[in-house]
Amino acid sequence: MMDNLRAASNNVVLKIILALIILSFILTGVGNYLVGGSGDYAAKVNGQEIGRAQLEQAVQNQRNRLQQQLGDQFSELAGSDGYMQQLRQESLSNLIDVTLLDQYSKKLGITVSDQQIKDAIFATPQFQTDGRFDNAKYLQSIQSMGYSADNFALLMKQQLISQQLEQAYGQSDFVLPVESKAMAELLLQVREVQTAILDTDALAAKQQVTDAELQAFYDQNKNSFMSPEQVKVSYIEMDAAAMQGKTEVTDADISAYYDQHKSEFGQPERRRYSVIVLKSQADADAVAAELKKGTDFAELAKTKSTDALSAKQGGDLGWMEPETTLPEFKNAKLTAKGQVSGVIKSDSGFFILRLDDVTPEQVKPLAAVRNTITDKLKQEKSLDAYYALQQKVSEAATNDNESLASAEEVAGSKAVHTDWFTQNQIPAGINFKPVVQAIFDGGLIGQDGSPGSNSDIITVDGDRAFVVRVDAHKAEGVKPFAEVKDQVTTLVKRQKAQDQARMDGEKLLTALKDGKGDDAMKAAGLSFGASQKVQRSQQPSAFESNVYALPQPQKGQPVYGLTQDNKGNSVLVKLNAVTPGTVPETDTARFTQEMQQTSSNVTFDALLTNLRQEAKIKYGSAAQNQ
């Protein structure tokens, strides 16, 4: 329910909301917009100049922001002189609004302290890391926007002054309970209607059309019957994965690879250690003395070691390979099983080490790694063959540019030939972006749609490649009338049916309003359906809008109207009752607050309009597009 209220309140036309204006300037970088300009000005507002440089910077900032938001679409807009002139005018209008508000704030004596500016900067999320002000981030951000710290502080001061002005006007507005109740009754109103549909499809089937009507419609709407660019191509595909399945590897290949890469299949020497970790030299010396007396190492580890994890295991650290062995362990130079080190000092304290076991370096037998080597050799050989084949096919396609015959012979496979297709319906076998770009960029198409040159090697997905040739081409153009006559016939019949439905609906509406509706509806074979409730949605359809445009029924008498549904059918509407809306008590305060915000925006809009009317604004030559 509150979503409907919010949507309705947002439909009020708000030309300027100060906070958004000021914030957008801060985030896009306006420089010293509120200080005096040069002699070559864009506008003078009550004698205060807005300079050429200020306007040019504002336009550039707006361009940059739109570029980030719209991406490639903005390039199309930027190519329109009319659009860019409008953008320039809007930028200047915004600068004038900010200048007027700045002047008015000074007139009211609204000021901001240095501490307030500092607090506002510290509270800006853009300058924070993990919820705390980050000075480096702050400086980097404002520098990227072209500000010094002093200039940015001045701009922040202007924002705070303007916010105070907006707040002052916002707090002056209030909404009476009777106003809130009346608005709720209107926005949440429910209307009970019945409808009767004049079916356009049924009427279209009965329409008669002449060849002259069809030709006239076609001539007036030729752009609706465009034939997209079409091509037929032939292509040769080279697939590394498919080649791998055909690659043979001999026993000699496998043995040779094994002998040359034994280090890849070995397991390095591994050592198993136990440790007792102690806090001080004295503690370590005491434990070392106990060990010399024959006290069990594991027992001392459990009772004396400060490393809880290894202590539970009697000091056991498990197996270690050279890469995972600490330098202190290696430096202890323990060589025999059961050998115990002296006290070793490290950065984390003191410890005593014991070598529990050693497993010498081992090499896996050929049988254990045979499949791994086979797969690796197949992959390497297939890639070598794949790249060699690419080179041969490329040379053949280049040397014989009149067809793919030579390339087929080298590739050992026939080219695939497609039927006609468009850029929106690419055959699955070549539906890869690099291939599609090569086909439709024009470089492979001959004059007048004739076959052109063979393509270079086109690589996709890293392990697949194509050579492509455009065999035939049809440029984009208007489809001939004969080809689209049936489509035109359908459209003309439907258009005539919609016109007839609208005229029949208007006659029935007149009869209904005159009290003669029963006979007229019966003669037309129509009747009103079951009652339905209609309520405003966030984005009202044409049907909803027309239902709510009808006057309320008086003295129990229905009100009639004519509208259209989303299928193009004419719809007679019978409005039987209107139920005023209500706001639940739990939502009343929120609804009133939203109404007050809307009222504040309207008040502020009126203030800005008044300031413009009373101001002396003179436009300079820099305001025009250079």
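No experiment lies behind these values; they were computed from the predicted model shown.
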Point-to-point distance, once rounded to the nearest 0.5 Å, from [atom1] of [X] to [atom2] of [Y]:
X	Y	atom1	atom2	answer
Tyr387	Ile457	OH	CD1	12.0 Å
Arg354	Tyr273	CZ	OH	13.0 Å
Ile121	Gln116	CD1	CD	12.5 Å
Phe329	Thr324	CZ	OG1	10.0 Å
Thr295	Leu300	OG1	CG	5.5 Å
Ile458	Ser455	CD1	OG	4.0 Å

Salt bridge (charged side-chain N to carboxylate O under 4.0 Å, His left out) contacts touching [range] (sequence neighbours left out):
range	value
residues 357-373	Asp251-Arg370, Lys337-Asp357
residues 303-331	Arg272-Asp316
residues 278-303	none
residues 124-134	none

Those residues that, when tested against [X], pass ring-ring contact (aromatic ring centres under 6.0 Å, His included) (two or more places apart):
X	answer
Phe297	none
Phe133	Phe122, Tyr138
His261	Tyr257

Is the number of heavy atoms from other residues, nucleotides or ligands within 6.0 Å of [atom1] ([X]) greater than 12?
X	atom1	answer
Gln128	CD	yes
Lys392	NZ	no
Asp259	CG	yes

Testing the basics here: between Thr306 and Leu278, what is the closest heavy-atom pair and its distance to 0.1 Å?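 What the structure gives for the nearest pair is OG1-N, 4.1 Å.
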
Closest non-hydrogen atom pair, Ser341 against Ala332: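 Closest heavy-atom pair between Ser341 and Ala332: CB-CB, 4.5 Å.
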
Please identify each residue that fulfils salt bridge (Lys or Arg N to Asp or Glu O under 4.0 Å) with Arg469, with sequence neighbours left out.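 With sequence neighbours excluded, Arg469 shows a salt bridge (Lys or Arg N to Asp or Glu O under 4.0 Å) to no residue whatsoever.
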
Do any N or O atoms from the side chain of [X] and from the backbone of [Y] form a donor-acceptor pair under 3.5 angstrom?
X	Y	answer
Thr124	Gln126	no
Ser305	Val277	yes
Gln379	Asp375	no
Asp356	Gly338	no
Arg271	Leu334	yes

Between Glu90 and Asn94, a side-chain donor and acceptor under 3.5 Å: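 Glu90 vs Asn94: no donor-acceptor pair found between side chains.
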
Between Asp253 and Thr250, does any side-chain donor sit less than 3.5 Å from a side-chain acceptor?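 Distance-only check passes for Asp253 and Thr250.
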
By the ring-ring contact (aromatic ring centres under 6.0 Å, His included) test, which pairs, at least two apart or in different chains, include something from residues 355-379?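 Residue pairs passing ring-ring contact (aromatic ring centres under 6.0 Å, His included), neighbours aside: none found.
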
Leu353 vs Val340 side-chain heavy atoms within contact, under 4.5 Å: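 Result no, sub-4.5 Å side-chain heavy-atom pair not found.
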
How about Glu229 and Ile445: do any of their side-chain heavy atoms sit closer than 4.5 Å?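 A side-chain contact exists here, since the closest heavy-atom pair is under 4.5 Å.
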
Which pairs of donor and acceptor atoms, one on a side chain in residues 410-418, lie under 3.5 Å apart (sequence neighbours left out)?
residue	atom	partner	partner atom	Å
Thr418	OG1	Val233	N	3.0
Thr418	OG1	Val233	O	3.3

Side chain to side chain contact (heavy atoms under 4.5 Å, CB included) partners for Glu395, two or more places apart: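 For Glu395 the side chain to side chain contact (heavy atoms under 4.5 Å, CB included) partners, ignoring immediate neighbours, are Gln391, Asn399.
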
Under 3.5 Å, which donor-acceptor pairs do the side chains of residues 422-435 form with other protein atoms, sequence neighbours left out?
residue	atom	partner	partner atom	Å
Thr422	OG1	Asn424	N	3.3
Thr422	OG1	Gln425	N	3.4

